[in-house]
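Beneath this line is the structure, given in structure tokens, with notes to follow.
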Amino acid sequence: MNWLLDVKDLGKRFGGFVALENISLAVRAGERVGLIGPNGSGKSTLVNCICGTLRNEAGSVRFDGHLLHRSVAHQRTRLGLARTFQLPRPFASLSLIDNMRIPLIYTVAARGAVHSARDIEARSFELLREVGLDNKAQRLPRDLTQVEMRKLELARAMAAEPKLLIADESMAGLTHSEVEDLLALLKRLNEQGVTIILIEHIMRAVMSFSQRLVVLVSGRKIADGEPDEVVHNPDVERAYLGQ
Amino acid sequence: MRTPIFLLICLVIAGAAFVAAVAFNNDYVFFAGYVVMQYMVLSTAWNILGGYCGYVNFGTAGFFGLGAYSTVAFHRFYPLPIPILLIFGGVVSGIVGFGMGYLTLRLRGAFFAIATLALAVVLETLVVNWDYVGGSRGAYIVRPEVAPLIGNYVRYLFLIMLLLAVAAITVARLIERSRLGYGFATIRDDEQAAEASGVPTLRLKLIATTISGALMGMAGAPFPYYIGYLQPSSTFGFDYAVNAIAMPLIGGTTSWVGPVIGTLLLASLQQIATVTISSAVNLLIVGCLLVGFVIVAPEGIIGLVHRYIRHKPAGLVGRSRIAADAPGPAP
């Protein structure tokens, strides 16, 4: 089968601590995958290894036919692999519209797609409009609320025009309606052809969003399958509820 | 404002400053003006890496000294006009800047700062042990009596440094308003997020260290002609590093204007203090002002102005810092 993302036997250690052990994960183009696990299970480490922020010591990551072991983070972004951070990390000294311009200039334009300054400006506003931040385009990120900051983070990842978007706990700390807003946004994105991996603790959101669920515990994958099937898996129940 | 118009305005101001200095009819004005302009180049160059990218470089004296000793080395081989020595000094320091960047840019914060400080010490040690350029004895450079076009050599040196300052400011402004400046700002704000947005941070940092190092070397290239006797300990003196950091910090590091304001304020004050009180009081002034600004205005004078503007009605806040028609593809 032709996978968009194919992670094979991935391993990562921090000194003597094994953060990830023999993780294999394959994602098809257009799929919506939920990645769950208790705190410290290795979800963010896995994302960091996939996106090139961390180097894995074992295994391989293949994305869209490219073996990624030699490429650094910005090269992976240019290939179409975008991510959001668990804690929003906006460019604090740049206005919201400038935050949008960065991936458009350095990723989309660098891919060779012709983007004039006017196109970039228009697309930046369009992205801000999609997440409801167009009225604050000239503001600095410090003027935003927590939910707006998360929307900015998501919009900036979308600006890179990714094939695969990894949303790392984008909904943490949000209210029910805000979670629904972000889920709708992610689903819309998925309908446009973007493959999405959603890392989340809010089970209601993960269950309604995901077509497939992957569970990590203590750096190991313990389940991978249909969401309803996975949540009733005894290993998963044990990991979440204890013996 | 477009770059050619900005350059023209700078040249007009520089021309006016030169005419004003001539009107004083006192060579000291040119000596003092030379030092102020030299610091303007150094602080502007420092700001390209330290201010725009957020990498604090303590190695200013190393690049400055390298430019100065490049002149000594070339002068001993074959005396050349200063504009050509300026280019040689810039190329040599730019190459070293690139090398330093390649070796140290994976470091951050205090570790990077210490590495740059070490570079200055290593370069000084090399010069001390290199007899061809005078070694620890130092080197004499006899300043010609007459300069081309102008006649008076001190005035000629001042004019060269004035033009170099204009060039450095124009380069800094050009970077700030280009897509390169955008990339530098993301490195300063959050390097990991920059990489995740597709910014090739290492490549951009190498560009910054090369340009910054080259400009610092160019500032040092005419120095042997200015000072007459070049000694390693003073040429690689720590006060160059301190001043080149203090001036942008006092003026503000996020814009080309900051180092210009900081230099005019601090370097002029130092020159006045040198003739009215004592040259030893220089670093005391720097220290006191720096402590004062860190407490009162950590973002410098420019930051104070921005803070004032932010309290004005909305619409002026967070204005797009890059011209919409910024040319060229992403680096």
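We name chains A, B, ... by the order of the sequence lines, and we start the count at 1 in each one.
- Here the closest non-hydrogen pair linking B/Gly198 and A/Thr77 is N-CG2, 3.8 Å.
- The line from CD of B/Glu299 to OG of A/Ser93 is 10.0 Å long, rounded to the nearest 0.5 Å.
- Here the CD-OG1 distance, from B/Gln192 to A/Thr53, works out to 5.0 Å after rounding to the nearest 0.5 Å.
- Between A/Leu94 atom CG and B/Arg188 atom CZ the span is 7.5 Å, to the nearest 0.5 Å.
- Residue contact with chain B, scored on non-hydrogen atoms closer than 4.5 Å, involves the side chain of A/Arg83 exclusively.
- The shortest heavy-atom contact between B/Ala193 and A/Phe85 is CA-CE1, 3.8 Å.
- More than 12 heavy atoms of other residues, nucleotides or ligands shown are found within 6.0 angstrom of CZ on A/Phe14.
- No more than 12 heavy atoms of other residues, nucleotides or ligands lie within 6.0 Å of NZ in A/Lys8, so this atom counts as exposed by the packing criterion.
- Every side chain to side chain donor-acceptor pair (under 3.5 Å) that B/Asn243 has, sequence neighbours left out, goes to B/Tyr39, B/Gln270.
- Heavy-atom minimum distance, A/Phe91 versus B/Asp190: CE2-O, 3.7 Å.
- Between B/Leu204 and A/Tyr106 the shortest side-chain heavy-atom distance falls below 4.5 Å.
- Counting non-hydrogen atoms of other residues, nucleotides and ligands closer than 6.0 Å to CZ of A/Arg70 gives a total of 12 or fewer.
- Atom CZ in B/Arg179 sits 4.5 Å away from atom CD1 in A/Ile120 (nearest 0.5 Å).
- Using a 4.5 Å heavy-atom cutoff, the side chains of A/Arg89 and B/Ser197 are not in contact.
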